[in-house]
Amino acid sequence: MDDNTVLSRIHGLVDEEHKLRQQLGRGEISSDEEHARLKELEEALDQCWDLLRRRRAAREVGNDPNVEQAHSVGEVEGYLQ
């Protein structure tokens, strides 16, 4: 997955997030449904941003960014800040 593919995925997830909020506002989905899906979207976004950062870091130090793979949700969500 190249940087443009990761960025496209990020944009798609953000678009879906906006649509969810609109659906909630129109009463098409419940708050619980919105929250559950938003959690999934946020986790997927965290994975994408993590992968993009690692690809850029690899490139910066002269390594092949294409060897970087997405980490699991558990690993990404478990990073210490």
Side-chain angles (χ1 to χ4, degrees):
M1 189 180 307
D2 65 12
D3 290 3
N4 287 331
T5 303
V6 177
L7 285 168
S8 291
R9 173 95 171 113
I10 288 169
H11 291 293
L13 292 166
V14 170
D15 287 345
E16 187 175 346
E17 184 180 42
H18 290 245
K19 288 175 187 170
L20 273 176
R21 294 185 190 283
Q22 291 171 350
Q23 287 176 320
L24 178 66
R26 292 189 300 259
E28 295 172 0
I29 60 172
S30 70
S31 180
D32 289 342
E33 290 171 313
E34 182 216 24
H35 288 292
R37 184 61 186 138
L38 281 176
K39 182 179 184 311
E40 294 171 0
L41 290 172
E42 289 168 0
E43 290 170 343
L45 279 166
D46 288 347
Q47 280 182 297
C48 288
W49 282 116
D50 175 68
L51 176 57
L52 190 60
R53 281 190 295 273
R54 287 186 295 106
R55 286 182 54 80
R56 288 174 175 171
R59 189 178 298 109
E60 194 172 297
V61 297
N63 293 335
D64 182 4
N66 294 320
V67 299
E68 296 296 331
Q69 299 294 314
H71 287 170
S72 70
V73 169
E75 188 171 358
V76 173
E77 295 300 315
Y79 288 152
L80 297 176
Q81 296 295 321

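In what follows, residues are counted from 1 in the order of the sequence shown.
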ask   = Stepwise, does the side chain to side chain contact (heavy atoms under 4.5 Å, CB included) test hold for Glu33 with Leu24?
value = CA-CA 9 Å; Glu33 290 171 313; Leu24 178 66; over 6 Å; no

Inter-residue atom distance Glu17.CD - Glu34.CD, 0.5 Å rounding = 8.5 Å

Working for side chain to side chain contact (heavy atoms under 4.5 Å, CB included), residues Glu43 and Val76 = CA-CA 8 Å; Glu43 290 170 343; Val76 173; over 6 Å; no

task = Decide, yes or no, whether a salt bridge links Arg56 with Glu60 under the criterion of side-chain N to carboxylate O below 4.0 Å.
result = no

ask   = Which heavy atom in Arg9 sits nearest to a heavy atom in Ala44, and how many Å separate them?
value = NH2-CB, 4.1 Å

task = Please round to the nearest 0.5 Å and tell me the distance separating atom CG of Leu41 and atom CG of Asp46.
result = 11.0 Å

query = How many angstroms lie between CG in Leu20 and NE2 in His35, if you round to the nearest 0.5 Å?
reply = 11.0 Å

query = Can you name the closest pair of heavy atoms from Ala70 and Arg54 and give their distance?
reply = CA-NH2, 3.8 Å

message = Please give me the minimum heavy-atom distance between Leu45 and Val14, naming the atom from each residue.
response = CD2-CG2, 4.1 Å

remark   = CZ of Arg59 to CG of Asn66, rounded to nearest 0.5 Å, is 8.0 Å

note = Heavy-atom closest pair (Pro65 atom, Arg55 atom, distance to 0.1 Å) is O-NH1, 2.9 Å

key: Close side-chain approach of Gln47 and Val73, heavy atoms under 4.5 Å   = yes

message = So, taking the atom named CG in Asp15 and the one named CD1 in Ile10, what distance separates them when rounded to the nearest 0.5 Å?
response = 12.0 Å

task = Look up atom CG in Asp50 and atom CD in Glu77, then write down how far apart they are to the nearest 0.5 Å.
result = 9.5 Å

message = Atom CZ of residue position Arg37 - does it have more than 12 heavy atoms of other residues, nucleotides or ligands inside 6.0 Å?
response = yes

